[in-house]
Amino acid sequence: RSLWGAVGAAVSDETRGLFAQGGAATGWASALFLWAPNINPFRDPRWGRGQEVASEDPYACGEFAAAYIPALQRGGGGGGGVEAPYLKTVATAKHWFDYDLEGDGATSRQEIDVAVSPRDQAEYFTPSFKTAVQRGAVESIMCSYNAANGVPTCLNAGMNDGLLRKDWGFG
């Protein structure tokens, strides 16, 4: 956990340093928003993004989020570093929710509709996000590209407004 925090703090410092240098970047490219971490559990090697995630275990992904996100956002890193009294960067936990396929060859990740049982939802796909919200205090969440059980993830009020915001306290 301390290594995850130390890496997060180093990324935060580097991001701040690059931001302070300015340059030709404008818009999103010049912002302190990070499209990290990817906290989806890795269960299928055909996914193609396994190198981005901490584990196939939802608990381990959550522990990663709990250590890495605060270090990205405030520095410190659990290794004796000093946390900033302000947000150094904004971490974005991704990909909320039910995302571990880039597509099935015939269907792209934007078109795929996955069927996910309530049990898989509760035990596999959402625990790392709950930890990111409640222990990691993540400032931003990016929804996944796909639909789940017939509803595009970005439009799923039950998951976004219900579980994420009301039940877990995000936002």
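Everything numeric in this text was worked out from a predicted model, so none of it was measured.
Among all heavy-atom pairs drawn from P70 and A65, the shortest one is CD-O, 3.7 Å. Between S12 and A71, the shortest heavy-atom distance links the atoms CB-O, 3.6 Å. Residues G62 and T131 approach most closely at O-CG2, 3.1 Å, considering heavy atoms. Of all non-hydrogen atoms in P152 and G150, the two that sit nearest each other are CD-O, 4.2 Å.
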Assess the residue pair W4 and Y68 against the criterion (ring-ring contact (aromatic ring centres under 6.0 Å, His included)); give the C-alpha distance rounded to whole Å, side-chain angles, the decisive distance to 0.1 Å, and a yes or no. CA-CA 5 Å; W4 290 333; Y68 191 67; 8.7 Å; no
Could you check R135 against K130 for side-chain contact (heavy atoms from CB on, under 4.5 Å), going step by step and ending with a plain yes or no? CA-CA 8 Å; R135 289 181 42 218; K130 182 178 183 180; over 6 Å; no
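For T92 (side chain) and M142 (main-chain N/O), no donor-acceptor pair under 3.5 Å exists by modelled atom type. Remark: the backbone N or O of W35 is paired with a side-chain donor or acceptor of K94 at under 3.5 angstrom. Checked by atom type and distance alone, the side chain of N160 pairs as donor or acceptor with a backbone atom of T153 at under 3.5 Å. A donor-acceptor contact shorter than 3.5 Å is absent between the side chain of N146 and the backbone of D113. Between the side chain of Q73 and the backbone N or O of A91 there is at least one donor-acceptor pair closer than 3.5 Å.
In this structure, L72 is a member of the same hydrophobic cluster as L3, with clusters built from ILVMFWY side-chain heavy atoms closer than 4.5 Å. Under the 4.5 Å side-chain heavy-atom criterion for Ile, Leu, Val, Met, Phe, Trp and Tyr, L18 and L32 are members of distinct hydrophobic clusters.
S55 OG to F42 CZ: the interatomic distance, rounded to the nearest 0.5 Å, is 10.5 Å. Taken to the nearest 0.5 Å, the CZ atom of F125 stands 13.5 Å off from the NE2 atom of H95. Atom OG of S144 and atom CG of N156 lie 10.0 Å apart (nearest 0.5 Å). Distance check: S128 OG to Y59 OH gives 13.0 Å after rounding to the nearest 0.5 Å. Between the SG atom in C61 and the OH atom in Y124 there is a gap of 7.5 Å [rounded to 0.5 Å]. I112 CD1 to D98 CG: the interatomic distance, rounded to the nearest 0.5 Å, is 11.5 Å.
For K88, the salt bridge (Lys or Arg N to Asp or Glu O under 4.0 Å) test picks out D13, with sequence neighbours left out.
At a threshold of 4.5 Å between non-hydrogen side-chain atoms, the residues L87 and V90 count as touching. No side-chain heavy atom of F170 sits less than 4.5 Å from a side-chain heavy atom of F129.
Each of L163, V138, I69 was checked for a side-chain contact (heavy atoms from CB on, under 4.5 Å) with V133, and the lone residue meeting it is V138.
Side-chain N/O atoms of W96 and N40 include no donor and acceptor closer than 3.5 Å. T89 and T15 are not linked by any side-chain donor-acceptor pair at a separation below 3.5 angstrom, with hydrogens and angles left out of the test.
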